[in-house]
Amino acid sequence: MELRPSSQLRTVFCLLTFCFILQTSLLPVLGREALDQPMYRMPAPGDQVVHEDFQDGLVDSWIVALQQDRQELKKNAADSLTRAHALGYEAASQAGDTLLEEFREKNASAAVHLAIARALDELDVQAAQPLFEAEIETHAEQLSMAIEPALARWKSKSAIDAWRQWVEDPTLDKTKSMRAINGLVAVADLNSIDLLKELIKDPKRPATLRRHAARGMAQLLESNLEDFVAPWLQPKTPLLERMLAATCLSTHQSESAISILNQLALDPEPTIALISCKRLADLDLKLLYDKLDTLSRNRDTGLRKIAVRGLEHRGSEEDTRRLLELLSDYHPEVRHDARVALEKLAIDEALRPIILDTAAEYLANLREQDDWRALEQAAVLSGNLDHEPTADSLFDLLGFARNEVSVAAAWALSRLSIPETFPRIMDYITKITDEVDASEDSLSTLYEMQFTHFFQCLGLAEHRPAKDLLARFVPKRDFKLGMEGRAAAIWALGFIMKGQIDATLARNITGRMLDGASSPAEVLVVRRMSAVALGRMNATEHLPELRRTVDESGLAVSLGWCAQWSVCQITGDPMPEIPDRTVYIQGWFLRPTLPPRTVDGGGQ
């Protein structure tokens, strides 16, 4: 749901004040590669459209609460109005006059005063401007977060004058000066440029404040700051001043600005280099061509990610080899991006052999545990590029010490789907399954992940000899043979037995679909894939159970949708659309005692 403009401005205002924007690359750490699984998209259940609505009478209840003597009621009512209006409840605006009256109340607690100020800001009650302006010099910091964004939105001259004074005053608290910068940037006050310049240059002002001012300056001026930063480009210039120079030019695009950014792009401090390289990359990746090798070896993850973009963009043989080296990068995003870049470059007939041969060499020869990163990416790369000569190496890697590699190897073999490898795949599954059946242990997570990919491969290939092996995974058996792997086996049986009836198998699969009430109940993914398999098998005799599942679950739930899909596969009827659903937004501290109105298609 989109935030209203006032909410967006307030959010930006808060972020600018409390988040000193990190230019270093603190990127999220991903897990293992997300490997495609066809069973989740063949078919892919549809999504129900859910419309959120507001119960009638909410705003009247909250207005009454605002007028009570209890401070807690007033605060909760104001908070509810703020939240509801941000979610699109236009009727909340009816409370504007009552909020104004309560804001004038001198005996209100600080918490109530703050909550009402936030509501007046959210509702954009411009009649509150004089009240807000009267408090601009005296209000507490928390209250300012509600008042100042509203004054900026209303272009308050009093507020702008105060903010200019705060920027100029070196004795003020840093956070107050930062709020002033936020306000001046929000109103695009070009008359404050000279004040910001003086602040940025002043070595006595806090470093974080000077950087904040430089970011504000970059937002206000997208040109003509080259001369301003020139004194900070001399040899032995301190780190902070170099960072200020890069920040000020982070929105510029003139030739002189590009020249300066090029100089700063190889700064020994990664933060400065990253600011500069990001801007150059946004303008034109060609501007970084002469630095790509250096950037790709930088300790900063963000710079290496930019280098990957540049290496792909230029796409020479040397760039391709460097990208292959980056498959072993310590950061998951870098090596993932390098692999994706190589997959795109493989379209080039001159580069494809280099990519395929090097990936095959990695898979054949790298066996140290620390090689797992390159091996994982090389396996996925070979699978995506359909490089069949790597099959033997991939089989060897099924027992690699790191699961990332052994699972990626199974996935790649499945992606290659070479019929000559199917007996070997089945032997691998059979051996491990026999060992599990002969023991008291359950199938390990590693083997289940591998089997999940193998089963889908055998199913898509409609490999009939695998039928009996896959059928071993249909019974629940207290999940001894896993969950997702069993779901994949059942899904695959639908392809293998497409249009063919094995009464016993169909009855067992139907039992899995219906097993929602036992203890423990069958897992949803198995029930869902069982429903799909019955449709592919054309299990006409089990139409009653499929229809019952649709009736009990509804189309909005994946199980019900899959059951309906199978009904349509068997009967030839068109797939019905999932009906929209309308629900009341809940969680209000006070609401009329009306029954919830829900119009839905069986969702839950």
Side-chain angles (χ1 to χ4, degrees), residues 1-14 51-136 138-156 158-159 183 186 582-598:
M1 183 174 294
E2 293 186 1
L3 293 176
R4 301 178 58 82
S6 57
S7 298
Q8 293 172 338
L9 181 57
R10 184 171 63 254
T11 300
V12 171
F13 207 99
C14 294
H51 303 280
E52 293 184 323
D53 202 357
F54 297 88
Q55 205 170 326
D56 294 336
L58 283 174
V59 68
D60 296 330
S61 301
W62 298 337
I63 288 175
V64 171
L66 278 171
Q67 296 169 332
Q68 304 305 303
D69 291 334
R70 290 176 56 188
Q71 297 291 296
E72 182 181 1
L73 282 177
K74 293 179 183 289
K75 179 182 180 302
N76 288 337
D79 288 341
S80 295
L81 286 163
T82 300
R83 176 190 167 212
H85 195 266
L87 292 174
Y89 187 41
E90 295 293 343
S93 298
Q94 299 171 17
D97 290 342
T98 306
L99 288 166
L100 281 171
E101 292 176 11
E102 295 300 326
F103 192 75
R104 295 188 182 99
E105 177 58 52
K106 302 300 183 184
N107 295 324
S109 68
V112 170
H113 207 54
L114 173 60
I116 293 174
R118 286 173 174 161
L120 289 167
D121 169 35
E122 171 59 41
L123 272 60
D124 199 29
V125 182
Q126 295 192 32
Q129 181 171 333
L131 300 176
F132 283 7
E133 289 174 340
E135 297 208 30
I136 195 167
T138 59
H139 58 253
E141 183 175 335
Q142 273 196 319
L143 188 57
S144 73
M145 301 306 296
I147 289 177
E148 291 174 12
L151 292 174
R153 193 168 61 254
W154 300 331
K155 310 290 186 185
S156 166
S158 298
T582 301
V583 298
Y584 283 134
I585 297 175
Q586 302 294 326
W588 310 113
F589 90 105
L590 182 66
R591 61 182 175 84
T593 54
L594 297 174
R597 183 184 73 229
T598 302

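Numbering of residues begins at 1 and proceeds along the displayed sequence.
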*asked:* Given 3.5 Å as the limit, does a donor-acceptor pair link the side chain of Lys74 with the main chain of Val112, or not?
replied: no

Output for pair (Gln129 CD, Ile147 CD1), nearest 0.5 Å, gives 12.0 Å

Heavy-atom closest pair (Trp588 atom, Ser80 atom, distance to 0.1 Å) is CZ3-O, 3.7 Å

ask   = Do Glu135 and Leu131 come within less than 4.5 Å of each other through their side chains, counting heavy atoms only?
value = no

- Query: Is the CD atom of Glu72 crowded by more than 12 outside heavy atoms at less than 6.0 Å?
  - Reply: no

To the nearest 0.5 Å, atom CG of Leu73 lies from atom CG of Leu590 at 7.5 Å

Quiz item: Can you tell me if Ser61 uses its side chain to pair, donor with acceptor, with the backbone of Gly57 under 3.5 Å?
Solution: yes

Taking the side chain as every heavy atom from C-beta outward, state whether Gln586 and Arg591 have any pair of such atoms under 4.5 Å apart. yes

Correct closest heavy-atom pair for Ser144 and Pro149 would be O-CD, 3.6 Å

Between Gln68 and Arg70 (side chain of the first, backbone of the second, donor and acceptor by atom type, cut-off under 3.5 Å), is there such a pair? no

Q) Do the rings of Phe132 and Trp154 sit parallel, tilted or perpendicular, given the 30° and 60° boundaries? A) parallel

To the nearest 0.5 Å, atom NZ of Lys75 lies from atom CG of Leu114 at 8.0 Å

One should read off an interatomic distance between Leu66 CG and Phe103 CZ, to the nearest 0.5 angstrom, of 13.5 Å

For Ala92 and Val59, the nearest pair of non-hydrogen atoms, with its separation, is CA-CG2, 4.0 Å

- Validation row: Ser158, Ile136 side chains within 4.5 angstrom (heavy atoms): no

Looking only at heavy atoms, the pair that brings Leu120 and Leu99 closest together is CD2-CB, 3.6 Å

Heavy atoms of Asp60 and Gln94 approach each other most closely as OD1-OE1, 4.4 Å

To the nearest 0.5 Å, atom NE2 of His85 lies from atom CG of Asp121 at 10.5 Å

Review point. Is there side-chain contact between Glu52 and Leu87, with heavy atoms separated by less than 4.5 Å?
Key: no

Interatomic distance, CD@Glu122 vs OG1@Thr82, rounded to 0.5 Å, equals 6.5 Å

Cationic N near anionic O, under 4.0 Å, Asp79 to Arg83: no

Taking every heavy atom of Ser109 against every heavy atom of Gln71, the minimum-distance pair comes out as N-OE1, 2.8 Å

Among side-chain atoms of Gln142 and His113, is any donor-acceptor pair under 3.5 angstrom? no

